[in-house]
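Everything below concerns the one structure shown next.
Atoms within each ligand, like the ligands themselves, are counted from 1 in listed order.
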Amino acid sequence: MTTPSLPPIAENLQRVRERMQAAARRAGRDPAHITLVAVTKTHPRAYIDAALAAGHLDFGENRPEEAYAKFVEQTTPAGSPSPRLHLIGPIQSRKAKIAYACHPALIHSIDRLKIARKLSNLAQANGRALDALLEVNISGEASKHGFAADQLRQVLPEILALPGLRIHGLMTIPPLDPNPEAARPFFAALRSLRDELALAYPQADWSHLSMGMSHDFEVAIEEGATIIRVGSAIFGPRQR
Ligand SMILES: *Cc1c(COP(=O)(O)O)cnc(C)c1O
């Protein structure tokens, strides 16, 4: 077996950062207010270490077991700062414990009341609270995870009252479309839903919009994204 060579991760991160800054400038926004989450799903730990060595700290994984294997079982080399793990994929109920055990900095993908309750109970039992976003199926596509907007309006009082969850905003994945402009109306819709909820529930923190991936993050930034989740533009094609 040959050792696969790493893609130019530091250069790719730099390129993505430059594109983020340009998009922020076009929108009259401060690029310092936008977090780049480097999505490492399917890639080995060596990719994470290369990004850490380039000074990058925020990483995203969409499967709790894979996140646990790469961010808890495998440790950070001495001298590197600790990575911050973002869980960005759907969490099945039976995976809630392992998701909790990953010590996520932020869970982007609370997509139903049941998992919200379950994660809150786990955190509360440990005397803690988890920072999370609510995933919205803003396009209404049947294949997509996330709350429908109306459903979210209904369950929100209960979710905001859960003692083990601290909500910080919304996340979405628009329909797959090679044209990044096709995502713009969905990003704008997520922002207006956020603005509506922030007015209705001013006691909660609504500062974050997690939206935008490799092919559409510039449009997402123009529409108000505060967190973008970028995989292939940094690490190359996925490995499964
Ligand atoms: C894989 C994934 C991403 C990153 O996708 P790229 O197109 O590789 O940038 C972003 N968000 C979620 C939820 C993902 O699962």
Side-chain angles (χ1 to χ4, degrees), residues 6-9 11-20 23 34-45 47-48 50-51 56-71 83-92 95 98-99 102 104-112 115 119 131-139 141 143-147 168-184 186-187 190 208-240:
L6 291 175
I9 291 170
E11 288 87 338
N12 292 348
L13 276 166
Q14 184 54 31
R15 275 286 298 142
V16 168
R17 291 211 165 278
E18 285 163 10
R19 290 169 55 193
M20 287 173 69
I34 305 162
T35 298
L36 170 61
V37 172
V39 179
T40 47
K41 65 175 186 236
T42 78
H43 298 299
R45 174 71 204 206
Y47 283 53
I48 296 159
H56 193 79
L57 292 179
D58 288 278
F59 295 90
E61 286 283 342
N62 72 338
R63 295 180 180 201
E65 311 94 306
E66 185 179 341
Y68 189 85
K70 280 150 65 175
F71 286 84
R84 289 187 288 259
L85 175 66
H86 297 246
L87 290 179
I88 63 174
I91 303 172
Q92 295 167 273
K95 299 292 164 60
I98 193 160
C102 287
L106 186 66
I107 300 177
H108 293 224
S109 43
I110 302 288
D111 59 359
R112 57 203 194 284
I115 197 68
L119 289 167
D131 294 301
L133 306 177
L134 299 167
E135 181 171 354
V136 181
N137 180 356
I138 204 80
S139 66
E141 277 185 306
S143 62
K144 282 272 185 298
H145 291 275
F147 293 100
H168 297 283
L170 304 179
M171 178 271 220
T172 201
I173 306 172
L176 206 61
D177 193 311
N179 174 13
E181 281 299 326
R184 189 182 296 277
F186 300 106
F187 294 150
L190 192 73
H208 288 291
L209 289 173
S210 169
M211 55 189 198
M213 306 176 21
S214 287
H215 75 294
D216 59 12
F217 69 82
E218 285 143 314
V219 173
I221 288 171
E222 289 168 9
E223 295 301 329
T226 63
I227 307 175
I228 61 172
R229 311 174 308 266
V230 177
S232 45
I234 300 169
F235 301 109
R238 282 189 264 292
Q239 305 190 26
R240 63 163 179 262

In plain terms, say whether Glu222 and Arg184 are close enough for a salt bridge, that is, a side-chain N and a carboxylate O under 4.0 Å apart. yes
Glu66/Lys41 ion pair, N-O < 4.0 Å: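 Not counted as a salt bridge, because no side-chain N and carboxylate O are separated by less than 4.0 Å.
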For ligand 1, is there an atom lying under 4.0 Å from some heavy atom of His108? no
In terms of residue, atom name and distance, what is the protein heavy atom nearest to atom 5 (O) of ligand 1?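 Answer for atom 5 (O) of ligand 1: Met213 CE, 3.5 Å.
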Starting at [atom1] of [X], measure out to [atom2] of [Y] and round the result to the nearest 0.5 Å.
| X | Y | atom1 | atom2 | value |
| --- | --- | --- | --- | --- |
| Ile228 | Thr35 | CD1 | OG1 | 9.0 Å |
| Met211 | Ile138 | CE | CD1 | 9.5 Å |
| Leu6 | Asn12 | CG | CG | 11.0 Å |

Which of the numbered atoms in ligand 1 are under 4.0 angstrom from any heavy atom belonging to [X]?
| X | answer |
| --- | --- |
| Val230 | 9 (O) |
| Ile173 | 13 (C) |
| Lys41 | 1 (C), 2 (C), 3 (C), 14 (C), 15 (O) |
| Gly231 | 4 (C), 6 (P), 8 (O), 9 (O) |
| Ser214 | 6 (P), 7 (O), 8 (O), 9 (O) |

Looking only at non-hydrogen atoms, which of Arg229, His215, Met211, His86 approaches atom 10 (C) of ligand 1 most closely?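 Of the listed residues, Arg229 has the closest heavy atom.
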Donor-acceptor pair, distance only, cut-off 3.5 Å: does the side chain of Arg229 make one with the backbone of Ser210? yes
Could you check whether any side-chain N or O of His215 sits under 3.5 Å from a backbone N or O of Phe217, counting only pairs where one atom can act as donor and the other as acceptor? no
If you measure every N/O of Val39 against every N/O of ligand 1, is any gap under 3.5 Å? no
Please work out whether any backbone atom (N, CA, C, O) or any side-chain heavy atom from C-beta onward of Arg238 is under 4.0 Å from ligand 1, and answer side chain, backbone, both or neither. side chain
Should the proximity of Ile88 to ligand 1, defined as any heavy atom under 4.0 Å, be assigned to the side chain, the backbone, both, or neither?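 For Ile88, backbone and side-chain atoms both sit under 4.0 Å from ligand 1.
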Any idea how Phe235 and Tyr47 line up, ring-wise: parallel (<30°), tilted (30 to 60°), or perpendicular (>60°)? tilted
